Amino acid sequence: MAPTKAPDSSRRSDRSRRAIHDAALALVTEVGYRRTTIEGIAARAGVGKQTIYRWWPSKAAVLMDAFLDLAGRAAEDAGAGAGSGSGSGDTGEPAPGIPDTGDLAADLKLVLRATVDELNDPALEAPTRALTAEGIVDAKLGAEFVHKLLDPQLALYVTRLRAAQEAGDVRADVDPRIALELLIGPLMHRWLLRTLPLTHAYADEIVDYAVGGLAPRA
């Protein structure tokens, strides 16, 4: 008789974590952050709530981990769809970060349009709003959200703007960290407050206004 293969506990654990992530994101989208509970996540994922508490200390921590996992998967999908592009090197893998084609405005428009698509995606909108809102009243969660999610993304803008400075496309006295807020700030303001529709055309206008102000003075 062939020996019985032992269950793969790591694969079972991965499946449970993914089920919990998906359940948390789905519930926040359907009923909102306030009405989402650990008990509800556990029931939706088909696990005991003690399983969730073994891995996460709170509902906010579950959602943060779920959102980071979702964002990581979205980035992988975007990278796979892009294929080998500028700066890919010999590996055939697209280099992470904002493209550098030599046209700063075009590169920024490409990225901001993709950001508009993400913010308008129903699968991302509700959990993003939930984490943003909760991070305002929960300083610890807000700091974690900035450290784990926002800072790595903002660093990509800093890198691209510094490259533009070296190429002479952006004034040498410009602080890239402040400059990137000219791009991200208006986009997030319109999205958070729902003042007007968030569109590709609006993203393009933000870039045109910002880049015009960053360019060297004649």
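Being a predicted model, the structure only gives us computed values, none of them experimental.
- A salt bridge links K109 and D208; the closest N-O separation between the charged side-chain nitrogens and carboxylate oxygens is under 4.0 Å.
- Note on L104 and L156: same hydrophobic cluster, where clusters join Ile, Leu, Val, Met, Phe, Trp and Tyr whose side-chain heavy atoms are under 4.5 Å apart, directly or indirectly.
- Taken from CG in D22 to CG in L70, the straight-line distance is 8.5 Å, to the nearest 0.5 Å.
- The OG atom of S58 sits 9.5 Å away from the CE atom of M64 when rounded to the nearest 0.5 Å.
- In the hydrophobic cluster analysis, where Ile, Leu, Val, Met, Phe, Trp and Tyr join through side-chain heavy atoms closer than 4.5 angstrom, Y209 is grouped apart from L161.
- The distance from atom NZ of K59 to atom OH of Y53, rounded to the nearest 0.5 Å, is 9.5 Å.
- In the hydrophobic clustering of ILVMFWY residues, with side-chain heavy atoms under 4.5 Å counting as a link, V62 and W55 come out together.
- Between R113 and V116 the shortest side-chain heavy-atom distance does not fall below 4.5 Å.
- Looking at H189 and L192, their side chains never come closer than 4.5 Å, going by heavy atoms from C-beta outward.
- When all heavy atoms are compared, the tightest approach of G168 to P216 is O-CG, 3.2 Å.
- With rounding to the nearest 0.5 angstrom, the CG atom of L112 is 10.0 Å from the NE2 atom of H200.
- With V207 as the fixed residue, the side-chain contact (heavy atoms from CB on, under 4.5 Å) test singles out one of L183, L182, L110, D107: L183.
- With a 4.5 Å cut-off on side-chain heavy atoms, I41 and T36 count as touching.
- Shortest non-hydrogen contact noted between L141 and A60 is CD2-CB, 3.9 Å.
- Closest approach of I206 and P186 over heavy atoms only: CD1-CB, 3.8 Å.
- Taking every heavy atom of both residues into account, A26 and R44 meet most closely at CB-NH2, 3.6 Å.
- In this structure, N120 contributes its side chain and L198 its backbone to a donor-acceptor pair below 3.5 Å.
- Considering only heavy atoms from C-beta on, V111 comes within 4.5 Å of Y157 through its side chain.
- At least one side-chain heavy atom of P127 sits under 4.5 Å from a side-chain heavy atom of L63.
- Between E144 and K140 there is no salt bridge, since no side-chain N of the basic residue sits under 4.0 Å from a carboxylate O of the acidic one.
- Criterion: ILVMFWY side-chain heavy atoms under 4.5 Å apart, direct or through other members. Under it, L149 and V146 are part of a common hydrophobic cluster.
- Using a 4.5 Å heavy-atom cutoff, the side chains of W191 and T128 are in contact.
- Tracing side-chain contacts under 4.5 Å through hydrophobic residues (I, L, V, M, F, W, Y), one never reaches V31 starting from Y33; they form parts of separate clusters.
- Within the 4.5 Å cutoff, no side-chain heavy atoms of E134 are placed close to those of F145.
- Rounding to the nearest 0.5 Å gives a distance of 7.5 Å between CG of D169 and CZ of R160.
- More than 12 non-hydrogen atoms from other residues, nucleotides or ligands lie less than 6.0 angstrom from CZ of R171.
- To the nearest 0.5 Å, the span separating CZ on R129 from CG on L119 amounts to 8.0 Å.
- For the pair Y202/L196, no side-chain contact is recorded, criterion being any heavy-atom separation below 4.5 Å from C-beta on.
- Between the Q165 side chain and the V174 main chain, a donor and an acceptor come within less than 3.5 Å of each other.
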